[in-house]
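Single-structure report; data block below.
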Amino acid sequence: MAASATAARPLAGAAAVPLPLPARPRTARVALLPLTPVPGQRLALGRAGQERLPARGRSVRCLAALSPEMRATLDKVVGSSKVVLFMKGTKDFPQCGFSHTVVQILRSLDVPFDTLDVLANEALRQGLKEYSSWPTFPQLYIDGEFFGGCDITVEAYKSGELQETLEKAMCS
């Protein structure tokens with residue numbers, strides 16, 4: 001232990017020389033929006049009538065079009081059950097607090113529901129964002145229609161709207 005303590009100290013009178021860092025692969029950077037306006041693009045007006053460029057990187061949305069095959073698959077899955085929850089993890093082992101909250105609400109209402117784990121399939125996760133025009137998970141579908149995410153589900157539960165919607169779906 002004493003030997004390692006002395007070895008860690010620089011030698012007396014020796015100048016400190018920085019050691020080269022190992023070469024790291026650099027990831028390519030992709031511009032989300034142009035730095036200059038595109039010809040014909042309208043600019044938003046800022047305060048006092050000043051023009052400003054569109055915001056860079058505030059919100060990134062998947063711009064890839066949803067394939068017809070993915071749309072057909074999602075239509076089939078959403079229509080396969082009265083209540084479908086696309087979530088992170090499973091109903092027995094949620095991988096995020098928001099998904100866990102929606103699962104607990106549905107369980108408290110004693111509603112049968114199916115779940116799909118969006119973490120298991122990147123194409124499914126990206127396709128659902130486009131399919132529902134909703135960027136986050138969980139996503140709750142009732143009777144084939146997108147109902148909402150966690151916040152909307154919690155508010156609807158508190159107001160009684162969720163229970164009413166589920167009753168109608170179960171009776172149809």
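Everything numeric here is computed off the predicted structure, so don't read it as measured data. We count residues from 1, following the sequence as given.
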For Asp151 and Glu155: C-alpha separation, side-chain torsions, deciding distance, then whether side chain to side chain contact (heavy atoms under 4.5 Å, CB included) applies. CA-CA 6 Å; Asp151 291 343; Glu155 289 304 313; 5.6 Å; no

Within a radius of less than 6.0 Å around CZ of Phe98, do more than 12 heavy atoms belonging to other residues, nucleotides or ligands occur? no

Can you confirm whether Glu122 is buried at CD, in the sense that more than 12 heavy atoms of other residues, nucleotides or ligands lie under 6.0 Å from that atom? yes

Compare all side-chain heavy atoms of Val83 with those of Met170 and state whether any distance is below 4.5 angstrom. yes

Less than 4.5 Å apart, side chain to side chain, heavy atoms only: is that true for Tyr157 and Ser108? yes

To the nearest 0.5 Å, what is the distance between [atom1] on [X] and [atom2] on [Y]?
X	Y	atom1	atom2	value
Ser80	Asp75	OG	CG	11.0 Å
Gln126	Lys129	CD	NZ	4.5 Å
Gln95	Ser99	CD	OG	9.0 Å
Leu66	Leu74	CG	CG	6.5 Å

Is there a donor-acceptor pair under 3.5 Å between the side chain of [X] and the backbone N or O of [Y]?
X	Y	value
Lys168	Asp143	no
Ser172	Ala169	yes
Arg107	Lys91	yes
Thr153	Val102	no
Gln139	Ser132	no

Candidate pair Leu140 and Leu162, rule side chain to side chain contact (heavy atoms under 4.5 Å, CB included), full reasoning: CA-CA 11 Å; Leu140 180 62; Leu162 178 62; 4.3 Å; yes

Trp134 vs Ile152, side chain to side chain contact (heavy atoms under 4.5 Å, CB included): CA-CA, chis, key distance, verdict: CA-CA 12 Å; Trp134 195 260; Ile152 291 171; 3.4 Å; yes

Identify the heavy atoms of [X] and [Y] that sit nearest to each other, and give their distance.
X	Y	answer
Thr90	Met87	O-CE, 3.2 Å
Tyr131	Arg71	CD1-NH1, 3.7 Å
Gln163	Ala156	OE1-O, 3.7 Å

Evaluate the side chain to side chain contact (heavy atoms under 4.5 Å, CB included) criterion for residues Val84 and Ile142: first the C-alpha distance (whole Å), next the side-chain angles of each, then the deciding distance (0.1 Å), finally the verdict. CA-CA 7 Å; Val84 179; Ile142 300 174; over 6 Å; no

Only pairs under 3.5 Å count here: list side-chain donor-acceptor contacts from residues 112-119, not counting sequence neighbours, and write none if there are none.
{"residue": "Asp114", "atom": "OD2", "partner": "Ser81", "partner atom": "OG", "Å": "3.2"}
{"residue": "Asp117", "atom": "OD1", "partner": "Gly89", "partner atom": "N", "Å": "2.9"}
{"residue": "Asp117", "atom": "OD1", "partner": "Leu119", "partner atom": "N", "Å": "2.9"}

Under the criterion ring pair (Phe, Tyr, Trp, His ring centres under 6.0 Å), which of Tyr141, Phe137, Phe147 is the partner of Phe86? Tyr141

